[in-house]
Every structure is written in C-alpha cells, then in structure tokens.
Amino acid sequence: MAKDETKDESLNDAAVISAFKDKTKEKFHELDGMDPETIEANVKTIVQGIVNDYGMDVTIEDVVVSGSRCRGMEEKGADLDVVLYYSGSVREDDLFNTLHQSDIIMGGVKLDINTISQEQHGSLSEYLTGVEAYLAEKQAQMMQEAQQHNTEITYTVAECGEFHSMGAYHEGIATIEEAKALFESIHENHSNMIPAVGINIHEAGTPEIDDVQMDVLYGNRIDLDDLRYVPQIWNNQEGLSKVGQIIDAFPDVKVVGELPGLTVQDKVQPDMDAVKPVYVDEAAKLAAEIDRFSSDFDPYEYKDTVDNWELQVQNIADDIRNGNSADYKKYLGTVIEESDNIEDVRKAAELLVKLAEYKPLAKVEELEEVNLNQIDNVLSNTVPKSEEKREARQAEQERLEELQRIEEEERKRRARGERPSLRARLAAKKAIVAANSAVPQRSKQREAQEAVASQRDI
C-alpha cells in the first residue's frame with residue numbers, strides 16, 4: 001500500500017513539473033536562438049563541471065528555467081533565472097556561493113542559478129507550485145500597472161451636480177487647486193444649484209463616451225461608500241489618490257465612509273460644539289441633533305436640500321425657540337411610523353420627546369428666571385414653597401391621569417386587534433420623564449417600574 005502511494009506521489013510530481021515546463025515553452029522568448037530545453041541542458045553541463053572540479057557531493061536531479069523569462073514577463077536585460085534541483089550532502093548556500101564565484105553569461109545576459117536541495121526543500125513540484133503562484137500575482141500586478149499607465153485621470157467641476165447639462169461643466173482639469181477655485185466661484189455665484197467636484201478616467205485609445213466619471217464632492221458632502229461600486233476608481237491607486245486630494249482640499253465638508261488607508265476618523269471633522277453662536281442653549285443643541293439625524297437617515301435627500309449645515313442648524317434652532325416645531329415633529333413622527341430600522345425609530349422617538357418637553361423661551365430673562373410665571377424684568381423671582389408644593393402635586397396628578405388615559409387607549413386598541421401605537425408610546429414616555437422630575441426618588445422608582453411593565457404589555 002505504501003509503495004502504491006509513493007508511486008502516485010511521484011507521478012503527480014512529474015505531472016506538475018511537466019506542466020510547468022510546457023507553459024515555459026509556450027511563453028518563453030528565445031534567448032540568442034536558445035529555447036528553454038537548450039538552456040537547461042547547457043546549465044546542467046556547466047554546473048556538473050564546477051561540481052566535479054570541487055569534488056562536491058551533488059547529484060543534479062533537474063534544471064528548470066524560472067523567473068520572469070519563463071512566463072515572457074521579463075524586462076530588457078533581465079537576468080536568466082534557473083532552478084537547480086539536486087540531492088547530496090552539500091548545503092544550498094554553499095553550492096550557491098560556489099556557482100556564483102564569478103558571473104556566468106548565457107545568451108548575452110547574466111545567469112542566476114537558484115539552488116534547491118531535495119533534503120532541505122522537499123519535492124521540486126511543491127517548489128514550482130509556489131513559483132507559479134508568485135508569477136501569476138506578479139503578472140496581475142504588471143497588467144494593472146500597465147492599465148494605469150494607459151489611463152489619464154483628471155478633475156471635473158459641475159455647476160449642477162445632479163444634472164451636468166443644466167449648467168457649466170468643466171473637465172480635463174489637471175490640478176486640485178484649479179478645480180477648487182472653479183468650485184468656489186460657482187458656489188458663491190449660483191446658490192440655487194448644488195455644484196460638484198469629480199474625477200474622470202480616460203483610457204487611451206477609447207472614445208470619450210466610454211470615460212468613467214463620478215462626482216466625489218457634492219455640495220458639502222463626500223460619500224466614499226459610493227466609490228466601492230465604481231471599480232475603475234476603487235481599484236485604481238491614482239484614482240484613490242485624486243479622491244484623497246479632494247478630501248484634503250475641502251477640510252470642512254462632511255465625509256461619509258472610508259478609503260483604503262484613510263478612515264473618517266483620520267479626517268478632522270468640524271467641532272460641532274465649537275461653531276459660533278449656534279450652540280448657546282438647549283434649542284441649538286437639539287437643532288444639531290435633529291440635523292444630524294436627518295443627514296444620517298437620508299443622506300441623499302439631505303445633500304440635495306441642505307447647502308450649508310451651519311445655517312440649517314441655526315434655522316432649526318430659531319424655529320424651536322419660537323415654538324415653530326410642528327414640521328419637525330411631523331417629520332419625526334413620519335419616520336417612526338414608516339421606518340423599518342429600529343435604531344432610526346428609537347432616535348426619532350427620543351428627539352420627538354425632547355421637542356415635546358422643550359418650552360420656547362423668548363427673552364434672556366426667561367433663560368435665567370427661576371419662576372417662569374414672573375416675567376417682570378427682575379431675574380430670579382422665587383416661588384413661595386407652599387405654592388411650589390401645590391403646583392407640584394397638581395402637575396403630578398395631571399401626568400398620572402395622562403398615563404392612565406394612554407394605557408386605556410392602548411388596551412382598547414389591543415382589544416380591537418389593532419397595531420400598538422408608537423405615538424402613544426412616545427406620549428407615555430414623555431409623561432414618565434416629566435413625572436420623574438417632580439416627585440421624590442422613591443416615587444420615581446415605583447412609577448418607572450410600572451411604566452416599564454405597561455410598555456412591555458403594549
């Protein structure tokens with residue numbers, strides 16, 4: 001049985017070596033009139049003479065042409081690589097040094113003999129399998145480099161990023177500095193359109209209609225995730241380099257996704273809490289949260305409708321302060337009812353509760369006043385303790401009644417076989433949060449437990 005297995009292994013080894021040499025015959029470029037078989041025979045003769053001269057314990061088992069020439073991938077003047085497979089007691093490095101004491105020239109190029117010992121490396125077929133894999137990888141790399149050398153990558157700037165034909169379109173831009181100048185001039189003069197900066201890849205010898213063009217910067221946003229669906233850019237190092245230059249040229253824009261070697265964390269994003277007078281109160285912070293949520297929820301809609309995020313946040317904050325938050329509540333309610341994403345629903349619900357809890361404050365006095373019932377140009381009017389307790393008890397009673405009403409509505413909905421209402425859950429949460437801020441700690445814990453249990457039933 002062992003003899004049969006050894007025989008099968010030998011046949012397999014012979015088949016691998018034969019296949020390697022056959023492919024070499026097909027790909028090899030004759031060297032001074034010599035084909036691979038002639039070269040291998042000549043190398044065997046030369047090595048045998050050197051081994052005999054030094055009296056070395058070396059038996060030549062095989063000689064195989066290898067390296068870039070065996071697959072026709074050699075550059076001009078490249079060495080001629082061969083593998084010398086041998087058995088015997090001589091170490092590989094000792095034999096290598098002996099054979100390379102002086103240069104051996106064959107066919108006008110230097111001969112490089114790679115010594116492989118049967119004792120140290122095992123079978124020749126295993127070694128050649130590794131050589132084949134390396135050469136295949138090298139060939140793929142060379143093809144990619146050749147393709148890149150035959151392509152021209154330039155920048156584009158469009159007055160209208162959505163429809164290039166609706167405005168000025170600049171192409172063939174060589175530098176990012178020129179592209180940035182064009183973009184900024186359009187951005188200033190045509191606020192009714194959303195301009196874009198992109199890259200264009202042209203392959204030599206092909207019509208321009210076959211060019212690959214993609215907008216990278218659209219308005220004030222760069223979406224790197226989209227690039228994964230454009231292999232002509234994603235798999236092109238020069239193309240990715242151009243994208244990186246766009247990112248560097250516009251440090252204030254929002255970047256979504258990542259490039260190989262460049263993540264969103266590597267790019268410095270604007271410090272949202274340090275922007276001018278946007279975040280001076282709770283309304284501004286809430287406005288920023290709503291803006292971020294709308295951007296993350298539907299990035300394409302956001303970049304189509306929002307040109308300046310700072311101005312957007314300021315406008316939302318003003319609406320919230322002035323009590324004009326109905327549209328935002330409607331938007332968040334729509335997300336809750338229609339979205340299948342649990343995280344989106346959770347965040348929208350959280351924002352809706354915050355909007356419901358916010359009390360519009362119109363004056364500086366109202367930002368500072370302890371008692372909002374005392375707006376009389378005197379700050380920090382205090383509330384009498386008896387009145388404070390009475391108001392707290394009354395508020396607590398109203399909130400408990402609201403909770404009971406909500407729970408009763410939900411029981412009726414379940415009885416009718418209807419879907420539980422997310423809006424009702426939000427209202428319940430709002431009432432719970434408000435109640436927790438007005439009752440003692442022990443009462444807070446008890447009501448929270450009851451609320452959790454009721455929401456579980458819902």
State whether a side-chain donor-acceptor pair under 3.5 Å links Asn114 with Tyr127. yes

Ignoring hydrogens and geometry, is there a side-chain-to-backbone donor-acceptor pair from Thr129 to Ser125 under 3.5 Å? yes

Considering all heavy atoms of both residues, which atom of Ala284 and which atom of Ala317 are nearest to each other, and what is their separation? CA-CB, 3.8 Å

Only pairs at least two apart or in different chains count here, so list each side-chain hydrogen bond (donor to acceptor under 3.5 Å, both in side chains) that has a residue in residues 39-49. Gln48-Asn52

OH/Tyr134: more than 12 non-hydrogen atoms of other groups inside 6.0 Å: no

Partner set under side chain to side chain donor-acceptor pair (under 3.5 Å) for Glu289, not counting sequence neighbours: Lys347, Lys354

So do the side chains of Val63 and Val47 get within less than 4.5 Å of each other, counting heavy atoms only? no

For Val335 and Phe293 the tightest heavy-atom approach is CG1-CZ, 3.8 Å

Say whether, by atom type as modelled, one donor and one acceptor occur between the side chain of Gln120 and the main chain of Glu92 under 3.5 angstrom. yes

Taking C-beta and beyond as the side chain, do Val83 and Leu124 meet within less than 4.5 Å on heavy atoms? yes

Residues Asp112 and Arg69 bridged, charged N to O under 4.0 Å: no

Audit row: Val51, Tyr86, side-chain contact (heavy atoms from CB on, under 4.5 Å) steps and yes/no: CA-CA 11 Å; Val51 167; Tyr86 73 98; over 6 Å; no

Tell me if a side-chain donor or acceptor on His170 pairs with a main-chain N or O of Phe183 at a distance below 3.5 Å. no

CA sep, side-chain torsions, deciding dist, call: Tyr155, Ile199, side-chain contact (heavy atoms from CB on, under 4.5 Å): CA-CA 4 Å; Tyr155 296 100; Ile199 59 176; 4.0 Å; yes

Contacts of Glu343 meeting side chain to side chain donor-acceptor pair (under 3.5 Å) (sequence neighbours excluded), chain-then-number -> Arg346

Could you tell me which non-hydrogen atom of Leu332 sits nearest to which non-hydrogen atom of Leu352, and how far apart they are? CD1-N, 3.8 Å

Within residues 113-139 or reaching into it, pairs that qualify as salt bridge (Lys or Arg N to Asp or Glu O under 4.0 Å) - sequence neighbours excluded: Lys23-Glu132, Arg71-Glu132

CG of Leu111 to CG of Leu99: how many Å apart, nearest 0.5 Å? 9.0 Å

Start with the C-alpha distance between Asp327 and Asp319, add both sets of side-chain angles, then the distance that settles side-chain contact (heavy atoms from CB on, under 4.5 Å), and finish with yes or no. CA-CA 10 Å; Asp327 288 342; Asp319 286 339; over 6 Å; no

Measuring from Leu80:CG to Met106:CE, what's the distance to the nearest 0.5 Å? 7.0 Å

Between the CD atom in Glu152 and the CG atom in Asp211, the distance rounded to the nearest 0.5 Å is 9.0 Å

Quick one: does Leu286's side chain get under 4.5 Å of Leu355's, heavy atoms only? yes

Is the shortest heavy-atom distance from the side chain of Asn220 to the side chain of Lys254 under 4.5 Å? no

Ignoring hydrogens, what is the shortest heavy-atom contact between Ser87 and Gln118? Give both atom names and the distance. CB-OE1, 3.5 Å

Under the 3.5 angstrom rule, does the side chain of Ser295 hit a backbone N or O of Asp291 as a donor-acceptor pair? no

Taking all non-hydrogen atoms of both residues into account, name the closest pair between Val65 and Cys70 and its distance. O-CB, 3.6 Å

What is the minimum heavy-atom distance between Ser339 and Asp344, and which atoms define it? OG-CB, 3.7 Å

Sequence neighbours excluded and cut-off under 3.5 Å, please list the side-chain donor-acceptor pairs for residues 212-219, or say none.
unit_1	atom_1	unit_2	atom_2	d
Gln213	NE2	Thr156	OG1	2.9
Gln213	NE2	Asp215	OD1	3.0
Asp215	OD2	His164	NE2	2.9
Tyr218	OH	Asp304	OD1	3.1

If I take atom OG from residue Ser294 and atom CD1 from residue Ile316, how far apart are they, to the nearest 0.5 angstrom? 6.0 Å

Find the distance between CD1 (Ile46) and CG (Leu84) and round it off to the nearest 0.5 Å. 11.5 Å

Answer yes or no: is there an ion pair linking Arg321 with Asp318, defined by an N-O contact shorter than 4.0 Å? yes

Greater than 12 external heavy atoms within 6.0 Å of Glu75's CD: no

Mark yes or no for whether Asn315, through its side chain, and Leu311, through its backbone, hold a donor-acceptor pair below 3.5 Å. yes

Just verifying a value: how many Å separate Ile290 CD1 and Leu351 CG, rounded to the nearest 0.5 Å? 5.5 Å

Scan for salt bridge (Lys or Arg N to Asp or Glu O under 4.0 Å) pairs involving residues 45-64, sequence neighbours excluded, and state none if there are none. Lys21-Asp62

Between Ile247 and Leu224, is any pair of side-chain heavy atoms under 4.5 Å apart? yes

Taking C-beta and beyond as the side chain, do Ile246 and Ile176 meet within less than 4.5 Å on heavy atoms? yes

Take Glu171 and Thr154 through the test side-chain contact (heavy atoms from CB on, under 4.5 Å) and record every step on the way to the result. CA-CA 7 Å; Glu171 54 187 342; Thr154 54; 5.9 Å; no

Looking only at atom types and distance, does a side-chain atom of Ser325 sit under 3.5 Å from a main-chain N or O of Tyr328, one as donor and one as acceptor? no

Could you tell me whether the side chain of Ile113 reaches within less than 4.5 Å of the side chain of His100, counting heavy atoms only? yes

Does Glu208, at its CD atom, have more than 12 non-hydrogen atoms belonging to other residues, nucleotides or ligands within less than 6.0 Å? no

